There are 2 protein chains.
Amino acid sequence: MARSMHVRRPATLASLAAELGVSRTTVSNAYNRPDQLSPELRRRVLETARRLGYPGPDPVARSLRTRKAGAVGLLLTENLSYAFRDPAAIGFLEGLALACEDAGTGLLLVPANPEREDVAAVHRAGVDGFVVYSVPDDDPHLAAVLERPVPTVVCDQPDLGNVDRVGIDDQAAMHALAQHLISLGHRRVGVVCMRLARDRNDDFVTPDRQQAAHFHVQRARLAGLAQAFATVGVDWATVPVAERFDHTMASGASAAAQVLERDPQITALICTSDILALGAMAELQRRGLRVPVDITVTGFDGIREAEQAGLTTVRQPVLEKGRAAGKLLLDSAERTRPRAVTLSTELVQGITAAPPRGTAEERWFGP
Amino acid sequence: MARSMHVRRPATLASLAAELGVSRTTVSNAYNRPDQLSPELRRRVLETARRLGYPGPDPVARSLRTRKAGAVGLLLTENLSYAFRDPAAIGFLEGLALACEDAGTGLLLVPANPEREDVAAVHRAGVDGFVVYSVPDDDPHLAAVLERPVPTVVCDQPDLGNVDRVGIDDQAAMHALAQHLISLGHRRVGVVCMRLARDRNDDFVTPDRQQAAHFHVQRARLAGLAQAFATVGVDWATVPVAERFDHTMASGASAAAQVLERDPQITALICTSDILALGAMAELQRRGLRVPVDITVTGFDGIREAEQAGLTTVRQPVLEKGRAAGKLLLDSAERTRPRAVTLSTELVQGITAAPPRGTAEERWFGP
DNA sequence: AATTGGTTCTGAACCGTTACGGTCACTTCA
DNA sequence: TGAAGTGACCGTAACGGTTCAGAACCAATT
């Protein structure tokens, strides 16, 4: 059975129909609606298809006609590979993948390079909807997504007005964590946070920049901190807040060093992510500082590595976040839009937070 | 500026052209070939587009015409979310994502549920090519992919004849590991391996099943072991090999228990993945067995967790594997096909392998 | 005066399907 | 016997673009 040597133009539904002497509709039905034609004819169609090497209806043409792509796009403005490096992002992806799987939908990772402002990839994506995960609110890719006439769910974003949203109450969660530290007696603290905007600023952050941060999550967490500490009279403007563009343990370490250099007297180092916190702890250890005896460290996210390290942190349901985002997008039963899902968080009291060396009492009543 | 209340039918390139009194070609050019029309007209086109809420050329229609989807599909027959759970798979994904990113291509995760034999998702995927990662060689999804008239790269698969391939020499790598154990003096060993076929068999494996395994990687690794131990006179049929369907630490633990129950005298437990090995070690610890004093344990993959645990294993470049697969698919400079990339591995001598209690000499020359 | 060349825009063909609204022959039922 | 179904299949019209070979125009060159 020699294979046809002249597969010039690959077979199409039309050519197959012509070969069979039936209409294109019938061939289409053979694939999509078996009940619309006799089993015998269907058998013939499929057999001829095999003989002609027709691989079945072209997915793109079908998508055009049916106006369904069978996939949702995921936009995360980061080097695409970043998503596979950050445990929280992985958890989110897993949840989203689960939701897609349940719906039999594909998940398209859109290559949105944060460096180039090349929005073309967003335009090129043949998807039925978008999930946008943690991008700066002034990101051009986000703007491009919102211009596409497909449903969109944003995650960890500020309220965009008329777009579905999934997230947690970052500000309240961080406020709660701060109060925990306050109740332990901490008043003089330092902060390490992730990038606040698209420009790189591996340095201290002015209050202005904090409030104008384009990453909603970071802005909210810092706001929660400032708010909580304001209630006990801490002037937030005096608190050293070190920002790092890259979200790595190395960043956490260097930021911790920077903060300690600025104010060696701090009793607690608050990090806006577990990764940063773990890096900070490594740096502290390097300096011979014992956690939590000499200094308290906290994180945010509740990743597994943090749990193993006994980090005091805020656990957020990252997997659920992804799953909720997917469900929101796919359960397009078009309820009242926009919809918003706010998931709950949990304060994890690990072993990295303790009262400062001078206890709370000592501090209040003096030596 | 009130928003148009009757966005009945969304604007199309044609309606935009009509509105402007120009041809569709011109509108198309305004988006795709700015040099083909006067800047002034282009400006008008774009402005009118904004006014009419035209979101730019429809990606699907464009794909149909240009025969380019701008995405590659990834098939891994597992619950889609599994990919985000297994460190090796994550590494592969990261590498693949990197390659896609470089090429400005999207990455579509195809939902291929291994339970249902629903191949429709493969047919529905609008992609320019496929990467197939570690699926059983008799998987219907794989067959469906191969029928699609797009380039395909398989990873960790047997040679499929005329399909590009990326992988490592699993058999040789495992053979080397086995020889290391042999040189340490191990002769009586047990094995824990991942699933060998699509059916669940959480039990011992017959030599037949080993040789007929549908997962190329596992088959090759077991073959490497058998081959190496045969050279020192070990009858492989007597070696307990426990298979586990789920790739989790819990599986590794239960399989280790099963093997030890069958033959408590083994001096080494060889696992075909790090995850299984880590689970096995947990079980051994639970039983009060010291590694490597009482028993040697080895893994395969070289994931980070294994490194931290000091596991003796084979490191394979998972990230490079993904990247190579992507490159092969995207650098479709159509060289001589099929092409094959075999990456190198490295024996990692950790601290979990040591000579058996009775040294090699004692064993050879008897007490 | 005719030719050449460049820019700007157009017409028509094509990409491969599926949705929609039929037609037609053949029962079935009163 | 005629009306009403029913099952099997078909024709046409989209779906929303891109592409290619020109047309029309104008300026510059021969």
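Lettering of chains follows the sequences in order, A, B, ..., and the numbering in each one begins at 1. The shown structure was predicted, so the numbers you read here are calculated from the model rather than taken from an experiment.
Between the side chain of A/R65 and the base of C/dT17, no donor-acceptor pair of N or O atoms lies under 3.5 Å.
Side-chain atoms of B/R148 come within 3.5 Å of backbone N or O of B/A125 as a donor-acceptor pair. At distances below 3.5 Å, not a single donor-acceptor pair connects side-chain atoms of A/N162 with backbone N or O atoms of A/P338. In this structure, the side chain of B/Q157 engages the main chain of B/V135 through a donor-acceptor pair within 3.5 Å. When atom types are taken as modelled, the side chain of B/R42 and the backbone of B/A30 share a donor-acceptor pair closer than 3.5 angstrom.
Residue A/V22 is classed as a sugar-phosphate contact, given heavy-atom separations below 4.0 Å to backbone atoms only. In this structure, A/Y54 reaches the sugar-phosphate backbone alone: every heavy-atom distance under 4.0 Å involves primed, P, OP1 or OP2 atoms, never a base. Residue contacts for B/R42: at a heavy-atom cut-off of 4.0 Å it reaches no nucleic acid atom on any strand shown.
Across the protein-nucleic acid pair, A/K68 atom NZ and C/dA19 atom P stand 12 Å apart, rounded to whole Å. Summarising the geometry, the separation between CG on B/L13 and P on D/dG16 is reported as 11 Å, rounded to the nearest angstrom. In this structure, B/L37 places its CG atom 13 Å from P of C/dT7, rounding to the nearest Å. Nucleotide C/dC15 holds its C1' atom 9 Å from the CG atom of A/L64, rounded to whole Å. Atoms CZ (A/R33) and C1' (C/dT17) sit 12 Å apart, rounded to a whole Å. Rounded to an integer number of Å, the gap from A/D35 CG to D/dT6 C1' is 13 Å. Atoms CG (A/D58) and P (C/dT18) sit 9 Å apart, rounded to a whole Å. In this entry the distance linking CG of A/L16 with C1' of D/dC10 reads 16 Å, nearest Å.
Checking B/S28 against B/T25 by side-chain atom types alone, no donor-acceptor pair falls below 3.5 Å.
Distances from the side chain of B/Q36 to the nucleotides D/dA13, C/dC9, D/dT18 place C/dC9 closest. Counting only heavy atoms from C-beta on, B/T25 has its side chain closest to D/dC20 among D/dC20, C/dC9, C/dA19. Residue A/S23 has its side chain nearest to D/dC10 when only D/dC10, C/dT17, D/dA8 are considered.
Along DNA chain C, the nucleotide nearest A/R62 and the nucleotide nearest B/A61 are compared for position; the residue whose nucleotide lies closer to the 5' end is B/A61. If you find the closest nucleotide of DNA chain D to A/N29 and to A/R24, the one lying nearer the 5' end belongs to A/N29. Place B/R67 and A/T66 on DNA chain C by their nearest nucleotides, and B/R67 ends up nearer the 5' end.
Contact annotation: A/T26 does not reach the phosphate of D/dA8 (side-chain N/O to OP1 or OP2, under 4.0 Å).
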